[in-house]
Amino acid sequence: QVQLVESGGGLVQTGDSLSLSCVASGRAFSTYIMGWFRQAPGNEREFVGAINRSGRITYYSDSVKGRFTISRDNAKNTVYLQMTSLKSEDTAVYYCAADAGLTVPTRPNEYHYWGQGTQVTVSS
């Protein structure tokens, strides 16, 4: 089992950058595929991106590709989401998630462990 805690959310303006962190505790972090999701009020939880165990392969939704970057530091049990050129539509609660499966999931119900989320608000 793994526990996840996100941090780094806040209020920023359109065009700003913001970095989120997700620290894991518990079972070996490097054995998990890590994903980032977001959920805006009234919307379903949306896949943002994911990173494989080694950190060499990343996946992104079309809505954030080219603006967001996911990385991980297995020595620090941490996965990061660096967000640039933020837009008002990026406003949401951002969650990190972990999965021990063989392939990289993109749907929320495929992830077993979740953090509590951190709010990102982009003001225009």
Side-chain angles (χ1 to χ4, degrees):
Q1 194 168 359
V2 64
Q3 293 78 42
L4 305 172
V5 178
E6 304 96 335
S7 63
L11 173 63
V12 296
Q13 294 189 336
T14 301
D16 283 352
S17 299
L18 193 65
S19 291
L20 306 182
S21 299
C22 172
V23 179
S25 60
R27 189 182 157 196
F29 177 70
S30 61
T31 65
Y32 289 96
I33 294 166
M34 299 301 297
W36 283 98
F37 288 78
R38 65 186 182 185
Q39 188 166 19
N43 290 358
E44 295 185 351
R45 196 162 293 190
E46 174 192 14
F47 175 74
V48 173
I51 189 166
N52 74 337
R53 291 174 176 83
S54 69
R56 294 191 182 96
I57 302 174
T58 52
Y59 305 81
Y60 299 98
S61 68
D62 289 341
S63 61
V64 307
K65 195 174 296 182
R67 299 188 299 122
F68 290 12
T69 302
I70 297 173
S71 61
R72 68 190 294 165
D73 186 337
N74 286 341
K76 295 183 178 180
N77 287 3
T78 303
V79 61
Y80 305 96
L81 178 64
Q82 184 171 7
M83 305 181 290
T84 64
S85 302
L86 283 163
K87 307 174 182 179
S88 57
E89 51 262 45
D90 294 319
T91 295
V93 177
Y94 283 72
Y95 299 89
C96 68
D99 184 71
L102 298 177
T103 59
V104 175
T106 60
R107 293 178 291 186
N109 61 1
E110 295 177 301
Y111 283 83
H112 288 89
Y113 304 106
W114 291 85
Q116 83 289 349
T118 185
Q119 176 71 47
V120 173
T121 303
V122 184
S123 172
S124 56

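Residues Val79 and Trp36 have side chains in contact (heavy-atom distance under 4.5 Å, counting atoms from C-beta outward).
Within the structure, every pair that satisfies the salt bridge (Lys or Arg N to Asp or Glu O under 4.0 Å) test and touches residues 43-59, not counting sequence neighbours, is listed here: Arg38-Glu46.
The existence of a salt bridge linking Asp90 and Lys87 is excluded, since no basic side-chain nitrogen approaches an acidic carboxylate oxygen closer than 4.0 Å.
For the pair Pro105 and Ile33, the tightest heavy-atom approach, listed with the atom from each and the gap, is CD-CG2, 4.0 Å. Across all their heavy atoms, Ser17 and Ser85 have their closest contact at OG-N, 4.3 Å. Contact between Val122 and Thr91 at its shortest, heavy atoms only, is N-OG1, 2.9 Å. The minimum heavy-atom distance between Asp73 and Phe29, with the atom names listed, is O-CE2, 4.1 Å.
Between the side chain of Asn74 and the backbone N or O of Ser30, no donor-acceptor pair lies under 3.5 Å. A donor-acceptor contact shorter than 3.5 Å is absent between the side chain of Gln116 and the backbone of Val5. No donor-acceptor pair closer than 3.5 Å links the side chain of Thr78 to the backbone N or O of Val23. Remark: side-chain polar atoms of Thr14 are paired, donor with acceptor, to backbone N or O of Ser123 under 3.5 angstrom.
Classification of the Tyr94-Phe68 ring pair by plane angle, with boundaries at 30° and 60°, yields tilted.
The neighbour count for Gln13 CD, taken as heavy atoms of other residues, nucleotides or ligands under 6.0 Å away, does not exceed 12.
Between Thr84 and Gln82, the side chains place no donor N or O within less than 3.5 Å of an acceptor N or O (distance only, hydrogens not considered).
With rounding to the nearest 0.5 Å, the separation of CG in Asn77 from CZ in Arg72 is 9.0 Å. Once rounded to the nearest 0.5 Å, the distance linking OG1 of Thr103 with CD of Glu110 reads 7.0 Å. The structure places CZ of Arg107 at 10.0 Å from CZ of Phe37, a figure rounded to the nearest 0.5 Å. Taking CD of Glu6 as the start and OH of Tyr95 as the end, the distance is 8.0 Å to the nearest 0.5 Å.
For the side-chain contact (heavy atoms from CB on, under 4.5 Å) test with Leu81, the passing option among Ile70, Thr118, Ile51 is Ile70; the others fail. For the pairing with Met83, the side-chain contact (heavy atoms from CB on, under 4.5 Å) check across Val64, Leu18, Thr69 returns one residue only, Leu18.
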